[in-house]
Protein chains: 2
Amino acid sequence: MPQQKKPQNPSVKDKKGTKTSKSLIKRLPVYLRILDNLIRRDVDIISSRVLSDETGFTAEQIRKDLATFGAFGTRGTGYNTSYLREKLLKITGLDKQIRIVVVGSGHLGKALTRYNILKNPYVEIAGIFDANPAELNTEILGIKVQAMEDMPRLIEEQSIKVAMITVPAEVAQAVVDLLVENGISAILNFAPTKLRAPAGVHIHNADLTIELQSLIYYSLEREKE
Amino acid sequence: MPQQKKPQNPSVKDKKGTKTSKSLIKRLPVYLRILDNLIRRDVDIISSRVLSDETGFTAEQIRKDLATFGAFGTRGTGYNTSYLREKLLKITGLDKQIRIVVVGSGHLGKALTRYNILKNPYVEIAGIFDANPAELNTEILGIKVQAMEDMPRLIEEQSIKVAMITVPAEVAQAVVDLLVENGISAILNFAPTKLRAPAGVHIHNADLTIELQSLIYYSLEREKE
DNA sequence: CAGTCTGTGTTAAAATATTAACAAGTTTGT
DNA sequence: ACAAACTTGTTAATATTTTAACACAGACTG
Ligand SMILES: NC(=O)c1ccc[n+]([C@@H]2O[C@H](COP(=O)([O-])OP(=O)(O)OC[C@H]3O[C@@H](n4cnc5c(N)ncnc54)[C@H](O)[C@@H]3O)[C@@H](O)[C@H]2O)c1
Ligand SMILES: NC(=O)c1ccc[n+]([C@@H]2O[C@H](COP(=O)([O-])OP(=O)(O)OC[C@H]3O[C@@H](n4cnc5c(N)ncnc54)[C@H](O)[C@@H]3O)[C@@H](O)[C@H]2O)c1
């Protein structure tokens with residue numbers, strides 16, 4: 001089967017036409033988090049050096065990352081925390097409240113829902129769904145678990161685009177298909193399985209087992225030396 | 001402060017002296033998972049092409065990854081699933097049962113403990129600890145939550161090296177210090193904060209918020225096009 | 001207000017990681 | 001036994017990502 005030429009890495013471009021890498025995009029929320037902390041502590045100005053201490057990334061990398069999107073700092077001084085935060089919010093899209101749904105109200109789904117309600121000001125849990133009748137109407141911080149049948153209407157009415165799925169691996173693909181069918185275009189998947197979706201639908205995998213197992217590799221490595 | 005020359009990326013070397021990248025190491029558990037599935041379905045031989053379908057990585061990359069550690073396949077045929085699994089277990093260090101402790105028996109800590117007991121045959125949860133007296137002696141699938149005071153003894157007696165921490169960000173550093181002091185050398189951190197540890201102690205961060213927020217970036221990106 | 005100091009932004013170099021190409025084994029069929 | 005069909009493992013080429021170097025801009029000093 002002669003595979004057709006693969007389209008180049010679908011990374012997006014910034015204003016200047018240079019590519020923004022995936023790794024860069026994953027650092028942006030870290031910067032944002034640190035800025036939130038600094039602002040809470042009434043810090044007005046921050047240098048890339050200090051940001052480096054707080055984040056663990058090198059100062060060079062931080063400057064380069066930020067410069068990708070514009071000149072947000074003042075030479076000789078540093079970055080204004082509030083101003084930089086504004087800019088990063090715009091860039092990441094977190095300036096407008098994002099509504100998401102959670103599918104699977106098991107242990108992980110409940111933990112994530114609770115956590116995001118309490119601690120993540122940038123997203124709003126619009127609904128949580130489960131196929132198990134026993135879960136229905138149980139509450140997580142005031143949000144009732146709903147039946148899968150009610151999901152399409154909620155997604156449609158609130159034009160929700162983002163979902164987290166915390167269902168068993170065996171049913172994850174079916175849930176993805178259902179979500180996509182109803183207009184979801186970005187999915188954070190916690191099930192340990194490869195999922196397929198049409199082009200244009202973004203699937204990120206949060207594979208906690210991989211994190212643990214690769215850590216173990218490094219932990220043993222050390223002993224040999 | 002003239003920073004001393006940074007030691008080169010602490011990536012380890014394989015038998016042939018070529019470097020094994022971090023990204024490669026994170027793909028190994030995926031291969032392992034697929035092999036476990038295949039073996040359960042009595043599949044004896046698998047080609048890189050099919051592995052590619054199952055994992056989402058390209059066949060070229062899979063061959064290259066595996067070839068890093070040796071020649072495990074048979075030309076013209078493919079890889080023997082059981083043999084390859086054995087090899088990967090050895091390489092990742094998952095051939096011997098790994099005992100780990102969990103610190104923080106909150107929602108996430110409980111979910112992870114339960115999950116690993118039920119679904120992760122490669123690790124054994126040796127203990128779970130919490131500072132909140134109300135949590136003490138509550139059970140998770142038969143494992144009792146213990147007081148922090150009991151942690152050092154357990155770690156010592158079972159020579160445990162790996163820990164997962166699911167405590168609030170504010171106390172995470174203190175917990176890391178305590179763990180390291182007692183001999184832990186690899187930590188999987190779920191708290192959204194940068195942690196410090198002496199050289200030789202591996203810290204991996206599983207930052208679920210970053211995953212969600214970077215996904216949102218991509219989900220909005222799409223709309224513009 | 002010239003001169004110095006500090007820290008950004010930009011450009012260049014180095015290091016990593018992925019993709020592609022193909023030579024070298026294996027099996028299968030005749 | 002030989003050719004055709006496959007599939008690995010290795011080497012070379014690309015692409016991406018990180019690191020480094022430094023010119024430049026604002027702030028501060030005397
Ligand atoms: N809990 C963890 O720490 C952890 C760690 C790593 C991976 N995961 C993965 O995350 C997922 C969820 O884990 P969990 O521990 O919460 O499991 P869980 O069994 O506690 O929860 C799964 C939930 O999904 C619901 N469900 C089942 N089929 C469904 C369907 N077709 N549609 C909608 N809902 C359905 C179930 O009713 C249940 O409430 C699993 O895929 C698991 O492998 C969990
Ligand atoms: N729950 C999630 O989905 C989620 C998502 C992203 C990040 N996190 C992070 O994971 C961590 C845990 O989250 P959670 O939702 O389970 O919180 P939680 O509040 O449910 O649990 C935290 C637990 O840590 C214990 N604790 C507090 N101080 C301690 C100490 N000094 N020593 C030992 N134990 C201590 C508490 O008693 C509690 O049981 C937090 O850092 C949170 O930011 C959680």
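Convention: sequence-line order gives letters A, B, ...; per-chain numbering from 1. Basis for what follows: all heavy atoms, side chains included, without hydrogens, waters or symmetry-related copies.
As rounded to whole Å, 17 Å separates atom P of D/dT8 from atom CZ of B/Phe69. What separates CG of B/Asp44 from C1' of D/dT7 is a distance of 17 Å, to the nearest Å. If you take CD of B/Glu60 and P of D/dT11, they are 17 Å apart, rounded to a whole angstrom. Taking atom CZ on A/Phe57 and atom P on D/dA20, their separation rounds to 17 Å, with Å as the unit. In this structure, CG of B/Asn80 is placed 13 Å from P of D/dT8, rounded to the nearest angstrom. One can place CD of B/Gln61 at 17 Å from P of D/dT10, the figure rounded to the nearest angstrom. Across the protein-nucleic acid pair, A/Phe72 atom CZ and C/dT10 atom P stand 11 Å apart, rounded to whole Å. Between the P atom of C/dA17 and the NZ atom of B/Lys22 lies a distance of 8 Å, rounded to the nearest Å.
For A/Thr58, the side-chain atoms get nearest to D/dT19 when compared with the rest of C/dT19, D/dT19, C/dG9. Comparing D/dT19, C/dA17, D/dT8 by their nearest atom to the side chain of B/Ser48 picks out D/dT8. Each of D/dT18, C/dG7, C/dG9 was ranked by its minimum atom distance to the side chain of A/Ser47; first place goes to C/dG7. Here the side chain of B/Ser21 is nearest to one of D/dT11, D/dT19, C/dA17, namely C/dA17. Among the nucleotides D/dT18, D/dG9, D/dA12, the one closest to any side-chain atom of B/Lys64 is D/dA12.
Here the side chain of B/Arg99 pairs a donor or acceptor atom with the backbone of B/Gln158 at under 3.5 angstrom.
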- request: Using a 4.0 Å heavy-atom cut-off, write out nucleotides 23-30 of chain C from 5' to 3' as B (base contacted by protein), S (sugar-phosphate only) or - (no contact).
  value: -BBSS---
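For the atom pair CZ (A/Arg33) and CG (B/Asp207), the distance works out to 4.0 Å, reported to the nearest 0.5 Å. Distance CD1/B/Ile39 to CG/B/Leu84: 8.5 Å, rounded to 0.5 Å.
Under the 3.5 Å distance criterion, with hydrogens and angles disregarded, a donor-acceptor pair is assigned to the side chains of A/Tyr31 and A/Asp65. Side-chain N/O atoms of B/Tyr122 and B/Asp36 include a donor and acceptor closer than 3.5 Å.
Using a 4.5 Å heavy-atom cutoff, the side chains of B/Met164 and B/Ile100 are in contact.
Residue B/Arg63 places none of its side-chain N or O atoms closer than 4.0 Å to OP1 or OP2 of D/dC6. Contact annotation: A/Tyr79 reaches the phosphate of C/dG9 (side-chain N/O to OP1 or OP2, under 4.0 Å).
Closest-nucleotide positions on DNA chain C for A/Leu66 and B/Arg27 were compared, and the one nearer the 5' end corresponds to A/Leu66.
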field: Derivation of the side-chain hydrogen bond (donor to acceptor under 3.5 Å, both in side chains) call for B/Asp44 and B/Tyr79
entry: CA-CA 8 Å; B/Asp44 288 335; B/Tyr79 301 90; over 6 Å; no
